[in-house]
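Structure first, commentary second.
For ligands, and for the atoms within them, numbers begin at 1 and follow the listed sequence.
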Amino acid sequence: MNILISGGSGFIGSHLCKKFLAQGHRVICVDNFITGRKENVEDLITNDNFKLYEHDISEPFFIESDIDWVLHFASIASPKDYIAYPIKTLKSGLLGTHNCLGIAKAKKAKFFLASTSEIYGDPDIHPQPEEYWGRVNSIGIRSCYDESKRAAEALTYAYYRQHGLDVRVIRIFNTYGPNMQADDGRVVSNFIVQALRSQPITVYGQGDQTRSFCYIDDLIAGILKVMGAYYYLPINLGNPAEFTVLELAQLTLKLVGANSGIEYFPLPEDDPKQRKPDITKAKEILNWQPQVSLEQGLKNTIAYFKSKI
Ligand SMILES: NC(=O)c1ccc[n+]([C@@H]2O[C@H](COP(=O)([O-])OP(=O)(O)OC[C@H]3O[C@@H](n4cnc5c(N)ncnc54)[C@H](O)[C@@H]3O)[C@@H](O)[C@H]2O)c1
């Protein structure tokens, strides 16, 4: 198959590129490197089945070749970065999604959207099933991301209804692993890098807010299953094992072997207090559930960052 991936040099996208090439597909990666790194896909550049285009997907993108799948993963994804670039974030969710849907329609390809658990906002239902409509502050500092993804979902289903496009939508919950950026401010990479640098781990609030952490290999396995399933509605992909942020900090210190301690800072605006996927649908429809424990996933990710910093 010919698979176009926007955001293909980012953390998740680069794992997908590798996976598809290993399966013998041809991959067209479109990325403007705003948060991703060429280094993530550098070893693929000599592969004849891999093409890399430096391009902002918010601008129209034209391609001659046939395309079987358009996977739209391009988005600024970490709070630190999307708060710094709110307009670019909205543009990749709105214009980028529109452009990718247009390519899929023109090529009669299937369309796959990487949506997010953030569309549930600061939820008042726990865990969050796909039917939950969310509780999002539409004008808060995180709204550029949350609302761009909500609009991306709306656009996707508009194309499904109006043009009969074959669509898949996943709502990704906190995923971590090798190829994350050291300085993107996401909680797992942040904690590991701080511990490796013997710096105190920075916890916001008391650290009693909960998160669930999915290892990248589990997510990639889930994405492949979604592509192979005939199911067009959104599906949560994430690990339902719930940890407090403080537990994550303590486990990271232990696995790194650091004793740099923990520093507490005030909670940022609109920081969700709880986040945990209801993955009943993924289990029933895809026969998928995460296999990698937090401890094992952290060990792999620590090994990756040790080799990088
Ligand atoms: N990692 C997670 O926990 C998580 C959770 C929920 C949703 N997601 C979604 O998954 C996707 C991938 O996230 P990630 O964690 O790999 O982040 P990432 O920042 O590593 O990857 C995103 C990639 O998109 C590229 N990009 C951003 N805007 C672009 C644009 N306008 N044109 C072209 N390229 C652009 C970036 O340079 C980067 O390579 C995103 O859509 C994100 O919202 C990720």
Would you confirm whether the ring centroid of F61 sits within less than 6.0 angstrom of the ring centroid of Y53?
yes

Can you name the atoms of ligand 1, numbered from 1 with element, that are less than 4.0 Å from a heavy atom of N174?
3 (O)

Any idea which atoms of ligand 1 are less than 4.0 Å away from a heavy-atom of S92?
31 (N)

4.5 Å side-chain heavy-atom contact, [X] and [Y]:
| X | Y | result |
| --- | --- | --- |
| N190 | T202 | yes |
| Y120 | E130 | yes |
| V167 | K110 | no |
| H126 | D278 | no |

Tell me, which protein residue and heavy-atom name are nearest [atom], and how many Å apart are they?
| atom | answer |
| --- | --- |
| atom 28 (N) of ligand 1 | I34 CG2, 3.6 Å |
| atom 3 (O) of ligand 1 | T175 N, 2.7 Å |
| atom 22 (C) of ligand 1 | S75 O, 3.3 Å |
| atom 11 (C) of ligand 1 | F73 O, 3.2 Å |
| atom 13 (O) of ligand 1 | A77 CB, 3.9 Å |
| atom 25 (C) of ligand 1 | D31 OD1, 3.4 Å |
| atom 20 (O) of ligand 1 | F11 N, 2.8 Å |
| atom 36 (C) of ligand 1 | T35 OG1, 3.2 Å |

Side-chain donor or acceptor of [X] paired with backbone N/O of [Y] under 3.5 Å:
| X | Y | answer |
| --- | --- | --- |
| T210 | T244 | no |
| K107 | S65 | yes |
| S92 | K88 | yes |

Answer side chain, backbone, both or neither: which part of [X] comes under 4.0 Å from ligand 1, heavy atoms only.
| X | value |
| --- | --- |
| H55 | backbone |
| K149 | side chain |
| F33 | backbone |
| Y145 | side chain |

Any nitrogen or oxygen of [X] lying under 3.5 Å from a nitrogen or oxygen in ligand 1? Just yes or no.
| X | value |
| --- | --- |
| I172 | no |
| S117 | no |
| I57 | yes |
| G10 | yes |
| D56 | yes |
| G36 | yes |
| I12 | yes |

Result of checking N239, L298, V187 against F213 for side-chain contact (heavy atoms from CB on, under 4.5 Å):
V187

Given T89, D81, N32, which has its nearest heavy atom closest to atom 30 (C) of ligand 1?
N32

Partner of E118 under salt bridge (Lys or Arg N to Asp or Glu O under 4.0 Å), picked from R135, R142, K149, is R142

Could you check whether the rings of H25 and F20 sit parallel, tilted or perpendicular, using 30° and 60° as the cut-offs?
perpendicular

Should the ring pair Y157 and Y160 be called parallel, tilted or perpendicular, given that the plane angle runs from 0 to 90° and is split at 30 and 60?
perpendicular

Should R26 and N2 be marked as a side chain to side chain donor-acceptor pair (under 3.5 Å) after you check the CA-CA gap, both sets of side-chain angles, and the distance that decides it?
CA-CA 5 Å; R26 283 175 293 275; N2 290 334; 2.6 Å; yes

Has [X] got any heavy atom lying under 4.0 angstrom from an atom of ligand 1?
| X | answer |
| --- | --- |
| S115 | yes |
| S58 | yes |
| R186 | yes |
| G96 | no |

Are I76 and V136 connected, step by step, through hydrophobic side chains (Ile, Leu, Val, Met, Phe, Trp, Tyr) whose heavy atoms are closer than 4.5 Å?
no

Polar contact flag, side-chain donor to acceptor under 3.5 angstrom, N174-S212
no

